[in-house]
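Chain naming here is simple, since letters A, B, ... match the order of the sequence lines and numbering starts at 1 in each.
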There are 2 protein chains.
Amino acid sequence: MKSSLEELEKELKIRNINISYQRLKVLECLTLNHCHPTVDQIFTALHKDIPTLSKTTVYNTLRILVDAGMVRVITIEEHETRYDIDMENHGHFKCESCGMIYDFSIDIDLLTCDELSNFEVNDQNVYFKGICPGCLSNINQNK
Amino acid sequence: MKSSLEELEKELKIRNINISYQRLKVLECLTLNHCHPTVDQIFTALHKDIPTLSKTTVYNTLRILVDAGMVRVITIEEHETRYDIDMENHGHFKCESCGMIYDFSIDIDLLTCDELSNFEVNDQNVYFKGICPGCLSNINQNK
DNA sequence: AACAAATCTGTAATCATTATAAATCAATTA
DNA sequence: TAATTGATTTATAATGATTACAGATTTGTT
Ligand SMILES: [Mn+2]
Ligand SMILES: [Mn+2]
Ligand SMILES: [Zn+2]
Ligand SMILES: [Zn+2]
């Protein structure tokens with residue numbers, strides 16, 4: 001669990017990304033909120049601390065972090081790009097009722113697909129959609 | 001393998017979708033080309049036969065078909081929505097070199113994720129990215 | 001301080017998708 | 001058949017997220 005600003009600075013240095021206040025803050029926002037925020041959510045969250053922040057900077061910073069392999073893009077819904085600092089192989093569940101996105105672990109046995117034995121697999125993505133337990137119980141209560 | 005126009009008409013009737021020439025043609029385009037086309041590709045393909053076709057009609061028709069459960073949306077890349085008439089549970093591999101999208105079968109054992117035991121799962125999506133065999137051999141030849 | 005390089009900001013441009021309203025088509029009835 | 005009605009299609013405008021760009025600001029170095 002890397003969260004302190006010092007840790008984040010180290011991570012950036014390792015990947016030859018110059019350090020700036022905005023870049024650290026975007027990174028910090030992602031580490032503190034593992035909720036897979038959108039650009040807009042990141043921008044709104046940081047705007048309180050950095051009134052001069054430009055949304056372009058958020059876009060640019062995220063592209064740098066994604067290209068460097070520190071952050072991954074999550075596209076479950078069209079026109080709702082989200083960002084995840086957790087680079088471990090895991091799946092995402094989006095509740096179609098409340099919109100929340102949950103992580104879940106997936107088995108690497110997915111790899112044992114001999115149809116793809118001659119393919120070079122660089123990136124694996126798994127996402128489900130449905131209704132989360134909380135929304136399920138709400139629906140049942142309102143019956 | 002449903003492909004004839006009569007079969008497609010039946011499918012539409014079953015789902016209470018009124019039949020029109022444009023709707024049949026969009027459906028036919030999807031059944032003949034299992035290459036997961038974009039709206040633009042579908043529009044361009046049909047425009048030869050239907051010069052008056054509007055792109056809006058392609059969008060509207062696809063939404064109807066998706067809502068009816070006859071077609072699924074494939075969003076691997078942001079800003080590149082694709083459509084697939086194969087509703088069976090299967091995965092997609094996108095080659096980052098040639099852009100081609102391959103189908104591959106996936107094991108339903110993905111379901112055996114007890115983390116999601118209290119979730120209602122309505123939709124499962126799996127996609128990989130990497131380099132396909134053809135592009136791999138091209139790269140090796142050019143070395 | 002002066003300079004150069006990198007970063008950030010604000011605005012404009014892009015482009016896929018959606019909204020809207022008029023035109024066309026298809027089915028129904030007088 | 002002609003008129004009517006409703007559904008579908010078309011063309012155009014609007015939307016909204018992302019990207020391009022150019023000037024302003026910051027940072028580091030001499
Ligand atoms: Mn995640
Ligand atoms: Mn497919
Ligand atoms: Zn929920
Ligand atoms: Zn390829």
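Close to dT9(C), at under 4.0 Å from its OP1 or OP2, lies a side-chain N or O of Q22(A).
Here the C1' atom of nucleotide dT9(C) and the OH atom of Y21(A) are 17 Å apart, to the nearest Å. The separation between K25(A) atom NZ and dT9(C) atom P is 14 Å, rounded to whole Å. Spacing between atom CD1 of I19(A) and atom P of dC8(C) amounts to 12 Å, rounded to whole angstrom units. Whole-Å rounding puts the Y59(A) OH to dT9(C) P distance at 15 Å. Look at CZ on R23(A): it is 11 Å from P on dT9(C), rounded to the nearest Å. Atom CG of D40(B) and atom P of dA16(C) are 7 Å apart (whole Å). dT18(C) atom P lies 7 Å from atom NE2 of H79(A), rounded to whole Å. N60(B) has its CG atom 10 Å from the P atom of dA19(C), to the nearest Å.
In this structure, the separation between CD on E6(B) and CG on L24(B) is 9.5 Å, given to the nearest 0.5 Å. With rounding to the nearest 0.5 Å, the separation of CG in N89(A) from CD in Q124(A) is 5.0 Å. Rounded to the nearest 0.5 angstrom, L27(B) CG and T61(B) OG1 are separated by 8.5 Å.
Side-chain rings of F119(A) and F104(B) stay apart, their centers remaining 6.0 Å or farther from each other.
A 4.5 Å side-chain heavy-atom check between H36(B) and D86(B) finds every atom pair outside the cut-off.
A side-chain donor-acceptor contact under 3.5 Å links S105(B) and E115(A). There is a side-chain donor-acceptor pair under 3.5 Å between N125(A) and D123(A).
Taking every heavy atom of residues 41-58 of chain A and every atom of DNA chain D, pairs under 4.0 Å involve T56(A), by number.
Of all nucleotides in DNA chain D having an atom under 4.0 Å from a heavy atom of chain B, the first and last in 5' to 3' order are dA7(D) to dT18(D).
Taking the six-membered ring where tryptophan is involved, the planes of F43(B) and H47(B) are tilted, since the angle between them lies from 30° to 60°.
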Worksheet item: Given the rule in the side-chain hydrogen bond (donor to acceptor under 3.5 Å, both in side chains) test, do H34(B) and D84(B) qualify, once you have shown the distances and angles that lead to the verdict?
Response: CA-CA 7 Å; H34(B) 276 226; D84(B) 191 350; 5.3 Å; no

